[in-house]
Amino acid sequence: MTKVILRLVLTLFVTLAAGTPAPGASGVIVHEPWIREAPPNAMALAGYMVLENRSEGIVALVGASSAAFGDIMIHRTQVTGGMAEMIHQDRIELAPGAKLAFQPGGYHLMLMGPKQPLSAGDEAEITLRFSDGAKQPIRFVVRKAGAGSPSPKPH
Amino acid sequence: MQTSSVMSPTGILCKPDRAIVITLAVVAAVLIGGFWLTRHSDTSDVPPYLRGSLWPEPRSLVAFTLLDQHGREFDLDRLQGRWTFMFFGYASCPDVCPTTLAVLNQVAAQLGTDGAGDIAQFVFVSVDPEHDAPRQLGRYLGFFNRKFVGLTGQPDEVAGLARQLNVMYQRVERASGQYFFTHTSSVMLIDPRARLHAAFSEPLTAETMVDKFRIIQRRYEEQP
């Protein structure tokens with residue numbers, strides 16, 4: 001019992017010391033969640049982030065929802081032979097310890113039917129759903145970006 | 001190489017080594033022929049860096065009629081006299097199109113700062129003309145750069161222009177009723193004589209496009 005408590009305390013301490021958000025119930029940390037600012041009449045925006053599986057088992061992202069958007073789908077942009085297409089992802093599996101980046105030109109949350117126009121600086125809460133039933137509400141910040149992530153990507 | 005020849009008392013070169021003469025003639029023919037070829041072939045002096053981008057021969061475009069975001073006609077005339085970076089997409093595309101438009105914005109800025117800005121225009125053609133009306137396109141593109149041109153119009157006119165540029169696109173329906181487009185993501189470069197000149201393919205970066213464009217522009221201006 002003492003060992004478990006010690007381990008929990010140590011994990012908490014390390015997590016706090018590292019300054020990163022604590023893993024949610026699923027053991028997944030969501031780094032730098034952001035939405036690319038889009039034209040005011042855009043019907044679909046893109047959400048990006050880095051998912052890190054801090055748990056010891058495989059966890060999968062299986063969906064997302066938000067009061068700010070009519071519907072959200074997970075997609076992956078793929079360019080084959082010069083043609084770009086979006087491939088719908090039912091689930092994104094993360095091995096223990098794995099990090100996966102959602103970034104322009106790759107994985108993204110397709111945020112459809114925004115309830116109102118979003119400008120740089122606004123925030124939208126998006127709830128991520130995982131395979132173990134865990135739900136994590138995450139605050140996504142709207143950023144005006146160039147071609148890619150506005151901040152240095154975590155490796 | 002020693003030419004073995006024997007001078008007869010009369011000074012006439014006799015007993016020439018036939019093999020050597022033939023070899024010299026062949027070498028001369030190859031040199032002359034090769035020289036002629038290099039003058040008449042474009043690919044011999046194309047830097048490897050450009051080979052994936054340049055069209056083998058610039059392809060002249062034929063007439064088409066589309067509308068820009070101000071409702072004004074856009075046809076072949078508006079491709080004359082300046083370079084055009086042309087990209088096909090649709091306004092409700094969440095990832096690829098905004099990313100590419102942002103890159104093209106960087107290209108425009110870089111070309112603008114070196115004074116070459118006015119000789120290039122940036123044109124976005126909607127593969128979803130039925131939903132992307134001129135005004136919508138205007139608001140969409142204005143978000144990226146007010147000088148970008150957005151084209152829409154009759155679906156078969158869009159299809160005709162795309163075909164000329166080897167651009168493909170296809171509408172994909174989903175069970176939910178949502179639809180998306182699969183589309184060529186390359187940026188096409190049209191020269192001031194309204195000819196398809198080159199294509200920039202993924203991964204698209206402003207640095208690469210500006211670099212290649214400057215080389216292409218210089219080669220174009222050096223030709224008669």
Side-chain angles (χ1 to χ4, degrees), chain A residues 34-49 63-65 69-90 101-114 117-120 126 140 142-150, chain B residues 52 87-107 109 127-128 131-133 135-144 150 166-170 172 174-188 199-207 209:
Chain A
W34 65 287
I35 295 171
R36 197 219 314 261
E37 191 189 18
N41 56 335
M43 283 168 26
L45 286 81
Y48 306 105
M49 58 194 166
S65 57
F69 302 99
D71 195 12
I72 300 178
M73 287 166 73
I74 307 168
H75 274 101
R76 181 183 193 181
T77 294
Q78 194 163 283
V79 180
T80 321
M83 294 273 284
E85 59 178 327
M86 290 201 298
I87 304 174
H88 178 217
Q89 311 285 312
D90 281 321
F102 280 52
Q103 59 201 16
Y107 289 102
H108 56 278
L109 295 176
M110 183 158 160
L111 312 167
M112 294 173 281
L118 293 168
S119 312
I126 297 175
F140 280 69
V142 180
R143 288 196 183 128
K144 189 176 190 67
S149 167
Chain B
F87 175 71
F88 286 70
Y90 60 111
S92 53
C93 168
D95 185 47
V96 172
C97 305
T99 304
T100 305
L101 286 168
V103 170
L104 288 177
N105 201 16
Q106 290 170 349
V107 172
V127 300
D128 191 13
H131 287 91
D132 292 342
R135 189 167 289 167
Q136 264 95 295
L137 263 192
R139 281 160 64 195
Y140 181 77
L141 288 176
F143 176 81
F144 297 95
N166 274 36
V167 164
M168 293 178 289
Y169 57 94
Q170 189 176 342
V172 177
R174 297 251 195 257
S176 59
Q178 286 280 336
Y179 67 90
F180 314 114
F181 280 88
T182 300
H183 59 98
T184 297
S185 61
S186 308
V187 174
M188 316 309 284
F200 303 111
S201 43
E202 301 270 5
L204 295 166
T205 68
E207 291 72 28
M209 279 203 272

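Hydrogens, waters and symmetry mates are skipped; everything else that's a heavy atom, side chains included, is used. Sequence lines set the chain letters: A, B, ... in the order given, protein chains first and strands last, and positions in each chain run from 1.
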Practice task
Could you tell me which portion of T184(B) (side chain, backbone, both or neither) has an atom closer than 4.5 angstrom to a non-hydrogen atom of chain A?
Solution key: both

Exercise for the section: Would you check if there is a donor-acceptor pair between the side chains of Y48(A) and D95(B) at a distance under 3.5 Å? Expected result: yes

Completion exercise
F140(A) meets the ring-ring contact (aromatic ring centres under 6.0 Å, His included) criterion, sequence neighbours left out, with none

Completion exercise
Honestly, the part of F88(B) sitting under 4.5 Å from a heavy atom of chain A is neither

Practice task
Report yes if the distance between the aromatic ring centroids of F180(B) and H75(A) is under 6.0 Å, otherwise no.
Solution key: yes

Fill in the blank from the handout: Most heavy-atom pairs under 4.5 Å with chain B, out of G106(A), G105(A), A42(A), belong to G105(A)

Handout entry: Residues forming a side-chain contact (heavy atoms from CB on, under 4.5 Å) with I74(A), sequence neighbours excluded
Key = L61(A), Q89(A), I92(A), F102(A), L109(A)

Fill in the blank from the handout: The interface call for E202(B) against chain A, heavy-atom contacts under 4.5 Å, is side chain

Practice task
Evaluate the side-chain proximity of L111(A) to I126(A): yes if any heavy-atom separation is below 4.5 Å, no if none is.
Solution key: yes

Exercise for the section: Check whether more than 12 heavy atoms from other residues, nucleotides or ligands sit under 6.0 Å from atom CE of M43(A), and answer yes or no. Expected result: no

Practice task
Determine yes or no for a side-chain-to-main-chain donor-acceptor pair under 3.5 angstrom, with E37(A) supplying the side chain and V142(A) the backbone.
Solution key: no

Completion exercise
Contact list (residues 76-86 of chain A to chain B, heavy-atom gap under 4.5 Å, by number) returns T77(A), V79(A), G82(A), M83(A), A84(A), E85(A), M86(A)

Completion exercise
Turns out that what part of Y140(B) lies under 4.5 Å from chain A's heavy atoms comes down to both

Completion exercise
Honestly, the part of F144(B) sitting under 4.5 Å from a heavy atom of chain A is side chain

Handout entry: Partner set under side-chain contact (heavy atoms from CB on, under 4.5 Å) for E207(B), not counting sequence neighbours
Key = Q110(B), T205(B)

Practice task
Kindly indicate whether the side chain of Y179(B), heavy atoms from C-beta on, has any atom under 4.5 Å from the side chain of D128(B).
Solution key: yes

Completion exercise
Bottom line for H88(A): the part with an atom under 4.5 Å from chain B's heavy atoms is both

